[in-house]
Every structure is written in structure tokens, then in C-alpha cells.
Amino acid sequence: MNCELCGKSAGKSKKIRVEGTTLQVCPSCARHGEEVFQSRGGKTKEDILARINRIQNRPYSYEGTREEKELALDYPDRISKARIQLNWTQEELSNRVNEKKSVISKIERGDLNPSEELIKKLENVLDIELKEKIMEVAPKKSNTSSGLTIGDLIKEG
Ligand SMILES: [Zn+2]
């Protein structure tokens with residue numbers, strides 16, 4: 001670390017403020033300015049910037065979308081249409097997925113949500129998709145939150 005005033009290698013540097021500029025200087029040059037003391041907790045500018053980043057990256061302030069697959073709302077239709085296209089009775093379908101016929105008829109009425117395992121079986125034997133991507137749009141950052149400054153954080157901290 002070299003002193004920013006005299007250029008000498010300064011083992012133990014001090015931060016001083018000279019006419020609004022912060023300089024890292026050797027102890028003998030420190031008298032040319034007003035010494036700047038670290039704020040409580042020894043926060044550095046990097047710490048504070050990291051903190052701003054964390055705040056701006058909090059869950060639900062991130063931008064973008066999250067993709068998830070969920071059982072389609074019209075799954076009963078999808079199943080019965082596909083089954084009818086294949087000319088299968090509910091009984092036939094139930095045999096192919098190793099379920100009771102009553103289970104299949106409940107599912108086709110929408111009275112019963114098929115289990116994950118049964119969804120996979122039905123998708124396989126009927127060659128259909130029962131799940132669809134649900135696009136969850138995260139709320140956008142409001143413009144007001146970007147007014148956060150380092151000064152605010154120092155006060156807050
Ligand atoms: Zn110096």
C-alpha cells in the first residue's frame with residue numbers, strides 16, 4: 001500500500017479526507033487532512049455494496065419468471081378425450097394403469113386428482129400431457145426501491 005499523497009510505501013495507512021476526496025495515506029501525511037474513521041462494525045464500501053445487492057436480490061423482488069408444471073385444470077377432459085379417441089372404455093383404461101374403474105371415472109369427472117404416479121401412467125398409456133407449465137411472473141422491482149443509497153444504509157446500520 002503506497003501513500004496516495006507522498007507515494008511512499010505506508011505500512012500502516014490512514015484514511016483521510018481532503019477537500020471531499022478520501023485518500024489512503026501514510027501516518028505522516030495524515031495531518032494534511034481530516035481522518036476518516038471507519039463506521040461502526042468496520043463496514044467497508046464493499047460490504048455496503050454487497051448489502052445493497054442482497055437487498056435488491058431478495059426473493060420476490062427478483063425479475064423474471066419461475067416455471068413450474070402443474071396438473072392441468074382440464075385434466076378430466078384430456079383423459080376422457082384421449083381415451084375415447086383410442087376407443088377404450090373406462091374399464092379398459094383402468095386395466096392399463098392398474099387402477100379400479102371407479103378411480104378412473106372419478107378422475108374423468110374431476111372428483112379425484114390423480115396421484116403423481118397415476119398421472120405418469122395415464123400420460124404414458126394415453127400419450128398425452130396432463131401437466132402444464134405454470135408461468136409465475138415475479139412482481140417487478142418498484143422504481144422507488146432503487147432510490148436506496150449507500151448513505152441510507154449507513155444511517156440504517
Ligand atoms: Zn505520505
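Atoms within a ligand are numbered from 1 in the order they appear, just like the ligands themselves.
Of all protein N, O or S atoms, those under 2.8 Å from the Zn ion (ligand 1) number 4.
The structure places CG of N95 at 10.5 Å from CH2 of W88, a figure rounded to the nearest 0.5 Å. For the atom pair CD of E4 and SG of C29, the computed distance is 10.5 Å after rounding to the nearest 0.5 Å. Annotation: the span from D74 atom CG to L130 atom CG amounts to 9.0 Å, rounded to 0.5 Å. Taken to the nearest 0.5 Å, the CD atom of E99 stands 11.0 Å off from the NZ atom of K106.
Heavy-atom neighbours of D127 CG from other residues, nucleotides or ligands within 6.0 Å: at or below the threshold of 12.
Under a hydrophobic clustering in which Ile, Leu, Val, Met, Phe, Trp and Tyr are joined whenever their side-chain heavy atoms come within less than 4.5 Å, directly or via other members, V36 and V25 fall into different clusters.
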